[in-house]
Amino acid sequence: MNIQTTPNSLAGAPHIERVRFEVRRRSLQVERSIRLTPGMLRIVFSGDDLHDFASLAPDDHIKIFVPTPAGEIVPRSYTPRRFDVEARTLAIDFALHDAGPATNWAIDARPGDRLEVGGPKGSTIVSPDIRHWLLIGDETALPAIARRIEEAREGSRMTSIVAVTGPQEHLVFDTRADLLTLWAHRSISDSSDPTTLLAILKTISLLPGTFVWIAAEALVTRAVRSYLVEERGHPLSWMKASGYWVIGRADAHEKFE
């Protein structure tokens with residue numbers, strides 16, 4: 001494990017650590033599947049290979065390796081939603097928003113089915129001293145947002161704004177934080193349109209010392225990030241933004257520095 005502190009010349013900027021792990025593949029089997037909402041499916045995996053699994057940040061990524069109809073094995077990125085090293089279990093939440101190979105595999109998965117998982121390569125740990133969070137995303141970011149909320153310290157103040165297709169996709173979070181949960185409703189066909197998220201965001205006050213975390217389709221992330229920086233004057237050093245997916249491109253991602 002290698003820890004690197006990100007240098008930051010701005011006074012008062014949050015402390016960030018990057019922890020690197022030795023990358024390895026793990027062979028797991030499906031233990032059970034749980035339909036959380038019509039569009040979100042949780043699969044719990046188990047296996048002795050999880051004895052040394054580590055994930056130190058809620059927005060870590062792992063790779064799962066799933067078959068295509070043509071028999072090819074392809075990687076897809078997912079959030080390790082919950083894990084228990086002692087019980088050797090790992091939960092992954094699948095947003096069923098497309099008909100890709102990972103979604104198809106998850107829908108058809110049955111107890112005993114096997115899957116290989118790789119990573120995470122590392123964790124980016126934002127200072128635990130931050131008490132104010134604004135979390136913005138869509139269905140693909142919901143597992144990371146949920147994990148951030150559930151792992152928050154007591155006394156944290158958190159606001160989440162998540163774009164989903166309707167009330168049937170709302171989740172309830174178990175947290176010690178002071179949480180305000182807001183949902184932006186739009187159709188899947190409008191997943192690259194930031195309008196509904198921005199409409200809610202414009203009603204939100206940004207307290208000093210708020211760390212903003214954004215993850216959605218890349219065009220949405222770019223629009224939300226630009227609004228916060230250019231119109232609200234929020235400092236980039238207090239923000240992490242990612243394009244978790246790119247419309248029209250399989251397993252594509254964008255990072256915004």
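In this chain, numbering begins with 1 at the start of the sequence shown. Excluded from the calculations below are hydrogen atoms, water molecules and symmetry mates; all remaining heavy atoms, backbone and side chain alike, are included.
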* Side-chain contact test, heavy atoms from C-beta onward, threshold under 4.5 Å: evaluate it for V30 versus R110 and give yes or no. => no
* **Ion pair R176/E150, N-O distance below 4.0 Å** => no
* With the 4.5 Å side-chain cut-off for hydrophobic clustering, are F94 and Y244 part of the same group? -> no
* Asked: Does the distance from a Lys or Arg side-chain N to an Asp or Glu carboxylate O, for R81 and D60, drop under 4.0 Å?
  -> no
* **Lys/Arg cation over aromatic Y227: R232, 6.0 Å, 45° cone** => no
* Asked: Going by heavy atoms in the side chains, are L134 and F211 under 4.5 Å from each other?
  -> no
* To do: Would you kindly say whether D49 and S27 are connected by a side-chain donor-acceptor distance under 3.5 Å?
  => no
* Asked: Have T37 and E169 got a donor and an acceptor in their side chains that come within less than 3.5 Å?
  -> yes
Quiz: residues 70-79 side-chain donor-acceptor pairs under 3.5 angstrom, not counting sequence neighbours:
residue	atom	partner	partner atom	Å
S77	OG	K63	NZ	2.8
S77	OG	H253	NE2	3.4

* What do the steps show when you test T175 against R153 for side-chain hydrogen bond (donor to acceptor under 3.5 Å, both in side chains), and what is the final call? -> CA-CA 8 Å; T175 182; R153 291 185 174 188; over 6 Å; no
* Is it true that R186 and E139 make a salt bridge, defined as a side-chain N closer than 4.0 Å to a carboxylate O? -> yes
* Asked: Regarding S46 and R32, is there a side-chain donor-to-acceptor distance under 3.5 Å anywhere?
  -> no
* Determine the interplanar angle of the F173 and W183 rings, folded into 0 to 90°, and report it as parallel if under 30°, tilted if 30 to 60°, perpendicular if over 60°. => parallel
* Using the side-chain hydrogen bond (donor to acceptor under 3.5 Å, both in side chains) rule, collect all pairs that involve residues 201-215, keeping only residues at least two apart or in two chains. => D59-W213
* Residues, nucleotides or ligands: over 12 heavy atoms within 6.0 Å of E154 CD -> no
* 4.5 Å side-chain heavy-atom contact, L198 and V224 -> yes
* Asked: With a 4.5 Å limit on heavy-atom distance, are the side chains of I136 and V220 in contact?
  -> no
* Asked: Taking atom CZ of R157 as the centre, does the number of heavy atoms from other residues, nucleotides or ligands within less than 6.0 Å exceed 12?
  -> no
* Asked: Side chains of L28 and R114: closer than 4.5 Å at any heavy-atom pair?
  -> no
